[in-house]
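For this chain, numbers begin at 1 and follow the sequence in order.
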Amino acid sequence: EQTGLSRPASRIRSLVTLVQFYLRRITRIHPPYVAGLMISWVLSGWLYDRSAPTDALSQSWIDLRRIHISPQTLQQSLLFPGEALIQLPVGWTLKVEALFSIFLPFLMLVAVRAHWLLLIAVSIPALVIEASTTYDFLRFTLDFSFGIAIYCERDRLAVLFEQMPAWLRGVMLATGIALLTSPPYFM
């Protein structure tokens with residue numbers, strides 16, 4: 001996804017293209033967030049019941065059955081993607097994507113004008129930011145910086161990849177798939 005975000009961000013040359021970039025990002029992120037939050041809110045109103053027996057449910061389901069935000073909180077939560085007080089637990093991913101969409105044109109400018117290594121160097125300290133802070137999304141700066149680096153070096157990487165023996169490409173593919181699927185196993 002980050003490499004896919006880098007291409008449109010690299011095409012920004014004027015205020016008009018910057019506005020177009022932001023409009024595309026908003027229409028890509030916000031409607032699915034609103035739909036997901038509304039579905040979650042409606043379903044939680046239907047499932048919300050603190051008194052129901054919970055013998056056969058996992059703790060996750062018990063916790064989710066006890067979440068139903070007020071209409072006022074729902075209205076506020078619709079303004080910008082997020083977890084909506086845990087009404088939409090996966091909403092954090094859209095929050096991170098929305099916030100990095102705001103900063104991406106600047107990050108691309110740094111990568112092109114200075115070097116992508118600068119982005120990676122500056123991103124490393126952000127890994128230690130606590131999850132409970134206002135700036136917890138910055139923990140993903142390294143991910144986005146690597147995506148920008150891959151975009152900037154895509155031609156060299158393609159040549160390098162083509163020069164590798166087929167077995168090594170297979171090993172790299174298997175390693176990449178393992179890395180992409182590993183986070184749920186380590187959480």
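For Trp116, the side-chain hydrogen bond (donor to acceptor under 3.5 Å, both in side chains) criterion is met by Glu153, not counting sequence neighbours. For Ser10, the side-chain hydrogen bond (donor to acceptor under 3.5 Å, both in side chains) criterion is met by Tyr151, not counting sequence neighbours. Annotation: ring pair (Phe, Tyr, Trp, His ring centres under 6.0 Å) contacts of His115 (sequence neighbours excluded): none.
Under the 4.5 Å side-chain criterion, counting only non-hydrogen atoms from C-beta, Phe103 is not in contact with Thr141. Taking 4.5 Å as the limit, some side-chain heavy atom of Pro105 sits within range of a side-chain heavy atom of Tyr22. Within the 4.5 Å cutoff, side-chain heavy atoms of Met38 are placed close to those of Leu74. Inter-residue side-chain proximity for Met108 and Ile148 is flagged as met; some heavy-atom pair is nearer than 4.5 Å. Contact check for Ser123 versus Phe144: no side-chain heavy atoms found under the 4.5 Å cut-off. Taking the side chain as every heavy atom from C-beta outward, Lys95 and Ile29 never approach each other to under 4.5 Å. By the 4.5 Å heavy-atom criterion applied to side chains, Ser14 and Thr17 are counted as neighbours. For the pair Val122 and Val110, the minimum side-chain heavy-atom distance is 4.5 Å or more.
Nearest heavy-atom pair, Ser6 versus Leu104, reported as atom, atom and distance to 0.1 Å: N-CD2, 4.3 Å. For the residue pair Pro125 and Ala121, the shortest heavy atom distance occurs at CD-O, 3.4 Å. Heavy-atom minimum distance, Val90 versus Thr93: O-OG1, 2.9 Å. Between Ile26 and Pro31, the shortest heavy-atom distance links the atoms O-CD, 3.4 Å. In terms of heavy-atom proximity, Leu107 sits nearest to Leu119 at O-CD1, 3.4 Å. When all heavy atoms of Phe80 and Ala98 are compared, the pair lying nearest together is CZ-CB, 3.7 Å.
When hydrophobic clusters are built by joining Ile, Leu, Val, Met, Phe, Trp and Tyr residues whose side-chain heavy atoms come closer than 4.5 Å, directly or via intermediates, Ile102 is grouped together with Val96. Residue Leu160 is grouped with residue Trp167 when hydrophobic side chains (ILVMFWY) are merged at heavy-atom distances under 4.5 angstrom, including chains of intermediate members. Cluster membership for Ile177 and Ile150, using ILVMFWY side-chain heavy atoms within less than 4.5 angstrom, is not shared. Under the 4.5 Å side-chain heavy-atom criterion for grouping Ile, Leu, Val, Met, Phe, Trp and Tyr, Leu109 is not connected to Leu117 through any hydrophobic cluster. Hydrophobic clustering keeps Val16 apart from Phe106 (ILVMFWY residues linked when any side-chain heavy atoms are closer than 4.5 Å, directly or through intermediates).
With respect to Arg25 and Glu97, a salt bridge is recorded, a charged nitrogen being found less than 4.0 Å from a carboxylate O.
The backbone N or O of Asp136 lies less than 3.5 Å from a partner atom in the side chain of Arg139, making a donor-acceptor pair. No donor-acceptor distance shorter than 3.5 angstrom exists from the side chain of Ser40 to the backbone of Gly36, with no hydrogens or angles considered.
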* Show the numbers, then the answer: is there a side-chain hydrogen bond (donor to acceptor under 3.5 Å, both in side chains) between Gln87 and Ser44? => CA-CA 8 Å; Gln87 182 71 68; Ser44 74; 2.9 Å; yes
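Once rounded to the nearest 0.5 Å, the distance linking CG of Leu43 with NE2 of His68 reads 10.5 Å. Between the OG1 atom of Thr27 and the CZ atom of Arg24 there is a distance of 8.5 Å, given to the nearest 0.5 Å. Taken to the nearest 0.5 Å, the CH2 atom of Trp41 stands 11.5 Å off from the OG atom of Ser77. To the nearest 0.5 angstrom, Phe140 atom CZ is 14.5 Å from Phe146 atom CZ. Between atom CG of residue Leu94 and atom NE2 of residue His30 there is a gap of 10.0 Å, rounded to the nearest 0.5 Å. Between the CD atom of Gln163 and the CZ atom of Arg169 there is a distance of 10.5 Å, given to the nearest 0.5 Å.
More than 12 non-hydrogen atoms from other residues, nucleotides or ligands lie less than 6.0 angstrom from CE of Met164.
Taking the six-membered ring for Trp and the full ring otherwise, the centers of Phe137 and Phe100 sit less than 6.0 Å from each other.
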